[in-house]
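What you see is a predicted model; the values in this text were computed from it and never measured.
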Amino acid sequence: MKITRRKILAGSAALVTAAIIVNRPADASGPRDPYFLDMQKALKAADIAQPTLVVDRARLNANIDQLMSDLPPGMGYRIVAKSLPSTELLQHVRTRTKTDRLMTFNLPMLMTLSETMPTASQLIGKPFPAQAAQNYLEKLPVEYAEATQNVQWLIDTPERLAKYQAIGEAAGSIMPINIELDVGLHRGGMKPGSELDAMLKTIKASNNLKFAGFMGYEPHVAKIPVIMGWQARVKNEAWNIYRAAINNAQSVFGQDVPETMTRNAAGSPTYRLYKDTGIANEISAGSALVKPVDFDTELLRDFQPASFVATPVIKSSKDMQTAGLEFADGLKNAYDPNLAQSVFIHGGHWLAAPVDPPGLRLNSTFGRSSNQELLNAGASADIAPDDFVFLRPTQSEAVFLQFGDIAVYENGQIVEKWSVFPASA
């Protein structure tokens with residue numbers, strides 16, 4: 001049998017065609033989720049027509065209750081303010097959790113919370129430049145002076161401690177000091193030993209410093225594989241470092257100091273690892289309560305997404321047309337059913353992932369836009385101009401600050417608005 005060049009080419013083409021058919025993407029579009037259709041109805045009823053951050057209060061409350069039920073007896077809870085950057089949101093969490101502890105992350109946030117919640121205990125979540133601490137003491141209105149003694153300043157080096165001691169002396173103030181420990185993250189902080197011991201003795205001898213406790217943050221533990229006990233080993237190493245630091249404190253301040261000092265640890269990804277108060281006597285968390293995409297972890301499987309970016313559709317059309325590359329669109333559209341519709345939204349380029357309508361995705365060829373972002377979807381996506389697209393933030397601390405007031409959703413309605421911190425906070 002004679003095999004011709006034409007037959008070879010025809011066979012090759014058939015194989016390529018078959019491969020394309022086999023590997024062709026499936027249409028990911030489908031009916032809209034009734035949950036988001038109800039939220040869309042509520043947004044329209046509230047005359048909202050711009051990109052908006054929505055918090056579902058029922059889900060938020062369920063997440064708060066889940067977190068509190070997880071805590072072992074005697075474990076305190078400190079609210080991470082940067083992850084919930086709204087005074088009203090923080091107050092809601094404070095009320096429901098019955099906690100008066102906050103973790104604060106920059107000077108504008110510290111000033112705002114000192115004026116709105118002066119009796120709250122604020123643990124600084126990262127070391128501030130000494131000038132920021134001085135600015136705080138100098139610029140906080142005198143009527144909120146009581147707040148200064150409720151702030152624990154986070155110190156990570158002997159040099160920073162010396163600067164804070166000088167600030168306290170100059171201001172005639174007592175500076176509560178919390179020492180950051182490096183328990184394995186290696187982002188700075190002290191390790192147990194002679195240098196930490198010397199810092200503790202400096203605090204004890206000073207008339208302007210007061211020892212408040214330790215903070216040991218270990219988010220890396222949650223990212224370590226559990227296989228062959230690796231995660232457990234890293235966790236135990238972190239706890240051994242913390243335990244040795246507590247021993248340092250006992251050698252300087254006495255055996256009873258663990259009962260009076262702040263022993264802060266954990267975050268949303270790791271708080272469930274603490275089954276008692278042997279190491280930490282308080283945990284910090286914030287993101288878990290609104291559960292952005294980055295917190296879709298096994299340890300947080302019981303938590304529900306409670307925050308969404310809702311943005312109106314500006315334009316929609318059938319098929320995808322790529323500027324300057326229209327000649328290739330027919331083949332691409334035929335190959336990928338998820339290019340059946342083009343949807344341009346109001347705004348975009350946020351740290352957020354499309355979640356409704358199902359199957360929406362970014363178009364990497366067209367590129368990102370903060371003005372009118374393009375999303376594509378399959379033929380079954382039911383979306384039209386003035387409808388809302390919903391996205392889940394990948395994190396809360398920056399995304400929440402981009403939309404003005406938070407729309408609070410409850411019982412099928414937008415029931416109130418919560419202001420957010422200034423963008424600099």
Side-chain angles (χ1 to χ4, degrees), residues 76 78-82 100-142 144-183 185 187-191 195-217 242 245-246 248-249 252-253 257 260-265 267 280-282 284 286 424-425:
R78 189 172 293 274
I79 310 168
V80 178
K82 73 176 176 63
D100 209 30
R101 309 181 199 192
L102 303 171
M103 183 173 281
T104 308
F105 286 82
N106 57 44
L107 181 56
M109 190 183 300
L110 178 60
M111 295 290 286
T112 297
L113 294 175
S114 293
E115 294 179 16
T116 57
M117 306 176 187
T119 61
S121 164
Q122 296 193 68
L123 171 58
I124 304 303
K126 62 186 177 187
F128 282 11
Q131 186 64 53
Q134 184 171 324
N135 291 348
Y136 172 74
L137 295 177
E138 291 176 352
K139 296 180 180 180
L140 184 70
V142 65
Y144 304 112
E146 65 175 313
T148 62
Q149 290 309 298
N150 297 325
V151 177
Q152 296 184 33
W153 300 98
L154 191 68
I155 299 298
D156 58 335
T157 64
E159 293 77 17
R160 199 182 304 274
L161 180 64
K163 292 178 180 179
Y164 274 65
Q165 184 175 13
I167 290 170
E169 290 172 354
S173 297
I174 296 176
M175 310 278 286
I177 299 299
N178 190 297
I179 297 178
E180 181 179 20
L181 301 176
D182 180 2
V183 294
L185 182 59
R187 193 173 64 180
M190 299 299 299
K191 291 187 177 181
E195 198 169 33
L196 175 60
D197 191 65
M199 289 177 67
L200 294 168
K201 289 177 179 177
T202 296
I203 295 171
K204 184 177 182 181
S206 174
N207 292 324
N208 299 99
L209 302 175
K210 179 175 70 174
F211 180 59
F214 292 134
M215 182 182 80
Y217 185 43
Y242 211 131
I246 293 172
N248 268 155
V252 175
F253 293 100
V257 71
T260 59
M261 63 185 276
T262 296
R263 291 178 278 123
N264 178 272
N281 60 9
E282 66 170 40
S284 301
S424 60

Ile167 to Ala133 - nearest heavy-atom pair and separation | CD1-CB, 4.3 Å
Sidechain-backbone polar pair: Gln149 side chain, Ile174 backbone, donor-acceptor under 3.5 Å = yes
What closest approach, in Å, do Ser284 and Val80 show between heavy atoms, and which atom pair accounts for it?
-> CB-CG2, 3.7 Å
Once you round to the nearest 0.5 Å, how far does CE of Met199 lie from CG of Asn248?
-> 11.0 Å
Would you indicate whether the side-chain heavy atoms of Ile179 and Ile203 approach each other to under 4.5 Å?
-> yes
Of the non-hydrogen atoms in Asn178 and Met215, which two are nearest, and what is the gap between them?
-> OD1-N, 3.0 Å
So which of Glu282, Arg101, Gln152 actually passes side-chain hydrogen bond (donor to acceptor under 3.5 Å, both in side chains) with Asn264?
-> Glu282
Is Asn281 reaching over with its side chain to a backbone N or O of Met261, donor-acceptor style, under 3.5 angstrom?
-> yes
Using side-chain hydrogen bond (donor to acceptor under 3.5 Å, both in side chains) as the criterion, list what pairs up with Glu146, not counting sequence neighbours.
-> none
Taking only residues two or more places apart in sequence or in another chain, which ones pass salt bridge (Lys or Arg N to Asp or Glu O under 4.0 Å) with Arg263?
-> none
Find the distance between OG1 (Thr157) and CD (Glu195) and round it off to the nearest 0.5 Å.
-> 8.5 Å
Residue pair Asp100, Ser121: steps toward the side chain to side chain contact (heavy atoms under 4.5 Å, CB included) verdict | CA-CA 6 Å; Asp100 209 30; Ser121 164; 5.8 Å; no
Do the non-hydrogen side-chain atoms of Leu209 and Phe211 ever get within less than 4.5 Å of each other?
-> no
Minimal non-hydrogen separation, Tyr242 against Gly216, with atom names = CE1-N, 3.6 Å
Return yes if a side-chain donor-acceptor contact under 3.5 Å exists between Gln122 and Ser114, otherwise no.
-> yes
Is the side chain of Asn150 donor-acceptor paired with the backbone N or O of Pro118 at a distance under 3.5 Å, no angle test?
-> yes
Can you sort out the partners of Thr148 under side-chain contact (heavy atoms from CB on, under 4.5 Å), two or more places apart, ordered by chain and number?
-> Tyr136, Leu137, Leu140
Tyr144 side chain to Met117 main-chain N or O, any donor-acceptor pair under 3.5 Å?
-> no
Any pair counted as side-chain hydrogen bond (donor to acceptor under 3.5 Å, both in side chains), so long as it reaches residues 200-214, sequence neighbours left out = Gln165-Ser206, Asp197-Lys201
Shortest non-hydrogen separation from Glu115 to Pro141 and the atoms involved = OE2-CD, 3.4 Å
Separation of Ile124 CD1 from Leu107 CG (nearest 0.5 Å) | 9.0 Å
Results of side-chain contact (heavy atoms from CB on, under 4.5 Å) for Ala245 - residues two or more places apart only = Leu181, Pro192, Leu196, Phe214
Residue pair Met190 / Pro158, side-chain heavy-atom distance below 4.5 Å = yes
So CG of Leu102 and CE of Met109: to nearest 0.5 Å the spacing works out to 10.0 Å
Please list all pairs passing the ring-ring contact (aromatic ring centres under 6.0 Å, His included) test where one or both residues lie in residues 103-131, with sequence neighbours left out.
-> none
For Met103 against Gly125, the heavy-atom pair lying closest together = CG-CA, 3.7 Å
Using a cut-off of 6.0 Å, state whether more than 12 heavy atoms not belonging to Gln131 lie near its atom CD.
-> yes
